[in-house]
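Only this structure's heavy atoms are used, side chains among them; waters, hydrogens and symmetry mates stay out.
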Amino acid sequence: DLRLEDCMVTGSVSVGVLICGESTPTLAECQVLRCCGDGIKVVDSAEPLVRGCDLHTNDGFGIFCTGTSAGVYRQNSISANSNAGVASRGTCTALFQDNKLFNGKQGGFWIEGNARCHVIGNDIFRNQKSGIQVGGSADPLVRGNIVRDGLKGGIVVHDHATGQFVQNEIMRNTMAGVGGTDYACPIF
């Protein structure tokens, strides 16, 4: 149950910060940058609070949550990572609120598996792929986000994914604002 505040984690040969087990650490106002893997990786049933952090230029995801993990991720700046800014897999139930995800070499949010996370009030812009991509059998709540100026689609839902997409602003994306394929059955 560590508290990491105003620290810089950089140059790791793998993950910048690994949060596992049943831990409930707090990361506040930290920088995680130029790591060879993910900036922050959350596994098992960990439930961190990550607030006001800057995660950029990592070779993996900015934040990667998997397993039965949860946690709260608020007011972070997530940019220029090699994979999606945030990936959520497994049965993750995390809350991602008021973050900025931009200039990613992939997409903003990538939600798959059986994830049931909440994506609320985020500003997602200028990513190379979809602002929000939902696949597998994921069932997220996506509310009040701005998804803009992406080089691919705004929100794309595929496979057997569902989810509720409420009061989002989707604008100026190069391809479709909203796309659904395969057996997806989202509610917009």
Side-chain angles (χ1 to χ4, degrees), residues 1-12 14-35 37-81 83-104 106-125 127 131-132 134 138-147 163-164 166-168:
D1 298 334
L2 169 77
R3 181 169 183 88
L4 200 62
E5 196 167 342
D6 198 27
C7 294
M8 179 185 288
V9 177
T10 186
S12 170
S14 69
V15 174
V17 177
L18 176 62
I19 302 170
C20 55
E22 296 178 1
S23 61
T24 58
T26 298
L27 279 74
E29 307 298 327
C30 293
Q31 293 184 58
V32 183
L33 61 144
R34 293 189 297 276
C35 296
D38 304 324
I40 297 174
K41 185 172 185 176
V42 184
V43 300
D44 303 327
S45 57
E47 295 187 24
L49 169 61
V50 179
R51 180 184 48 79
C53 293
D54 186 8
L55 302 117
H56 68 86
T57 325
N58 296 293
D59 286 339
F61 300 106
I63 297 172
F64 179 31
C65 299
T66 190
T68 59
S69 65
V72 175
Y73 307 82
R74 276 198 178 110
Q75 300 170 333
N76 300 293
S77 176
I78 305 167
S79 65
N81 295 288
N83 286 329
V86 172
S88 176
R89 294 183 181 155
T91 57
C92 178
T93 57
L95 168 63
F96 299 95
Q97 187 172 26
D98 299 329
N99 300 290
K100 289 187 178 184
L101 290 84
F102 59 99
N103 292 343
Q106 295 286 326
F109 281 95
W110 183 13
I111 304 165
E112 63 177 7
N114 291 301
R116 298 191 186 299
C117 52
H118 291 193
V119 178
I120 299 174
N122 300 284
D123 191 4
I124 306 157
F125 58 99
N127 293 290
I132 299 173
V134 182
D139 184 18
L141 171 62
V142 178
R143 186 179 73 216
N145 300 283
I146 300 172
V147 184
Q164 295 182 40
V166 182
Q167 297 174 329
N168 298 290

remark   = Heavy atoms of Ile19 and Ala46 approach each other most closely as CG2-CB, 3.6 Å
query = Are the side chain of Asn76 and the backbone of Cys53 linked by a donor-acceptor contact shorter than 3.5 Å?
reply = yes
inquiry  = Quick check against the 3.5 Å criterion: does Asn127 have a side-chain atom that pairs as donor or acceptor with the backbone of Gly104?
reply    = yes
Return a table of donor-acceptor pairs under 3.5 angstrom between the side chains of residues 22-34 and protein atoms on other chains or two or more places apart.
| residue | atom | partner | partner atom | Å |
| --- | --- | --- | --- | --- |
| Ser23 | OG | Cys20 | O | 2.8 |
| Thr24 | OG1 | Asp1 | OD1 | 2.7 |

key: From CZ (Arg143) to CD (Gln167), nearest 0.5 Å   = 7.5 Å
request  = Mind checking the CG-CD1 spacing from Leu101 to Ile132? Nearest 0.5 Å is all I need.
outcome  = 9.0 Å
task = Taking all heavy atoms of Phe64 and all of Asp38, pick out the closest pair and write down the distance.
result = CD2-OD2, 3.4 Å
key: Shortest non-hydrogen separation from Pro48 to Ala70 and the atoms involved   = CD-O, 3.9 Å
ask   = Which atoms form the tightest heavy-atom contact between Gly144 and Asn168, and what is the distance?
value = N-OD1, 3.3 Å
ask   = Trp110 vs Phe61 aromatic rings, parallel, tilted or perpendicular, using cut-offs 30° and 60°?
value = tilted
task = Measure from the side-chain N and O atoms of Asn114 to the backbone N and O of Ala138, and report whether any donor-acceptor pair falls under 3.5 Å.
result = no
message = I need the minimum non-hydrogen distance between Leu4 and Cys7, along with the two atoms involved.
response = CD1-SG, 3.7 Å
Contacts of Arg116 that satisfy salt bridge (charged side-chain N to carboxylate O under 4.0 Å, His left out) - sequence neighbours left out = Asp139
query = Which pair of non-hydrogen atoms, one from Ala94 and one from Cys117, has the smallest distance, and what is that distance?
reply = O-CB, 3.1 Å
inquiry  = Taking side chain to side chain donor-acceptor pair (under 3.5 Å) as the cut-off, I'd like each qualifying pair that reaches into residues 53-72, sequence neighbours left out, listed once.
reply    = Asn58-Asn81
query = Does Asn122 use its side chain to pair, donor to acceptor, with the backbone of Asn145 at less than 3.5 Å?
reply = no
ask   = Side-chain donor-acceptor pair under 3.5 Å between Arg74 and Gln97, yes or no?
value = yes
request  = Drop me the distance from Phe125's CZ to Asn103's CG, to the nearest 0.5 angstrom.
outcome  = 7.0 Å
task = Please report the C-alpha distance between Phe96 and Val86 in whole Å, then the side-chain angles of each, then the deciding distance to 0.1 Å, and finally whether the side-chain contact (heavy atoms from CB on, under 4.5 Å) criterion is met.
result = CA-CA 9 Å; Phe96 299 95; Val86 172; 3.6 Å; yes
query = Taking atom SG of Cys65 and atom CD of Glu47, what is their separation to the nearest 0.5 Å?
reply = 11.0 Å
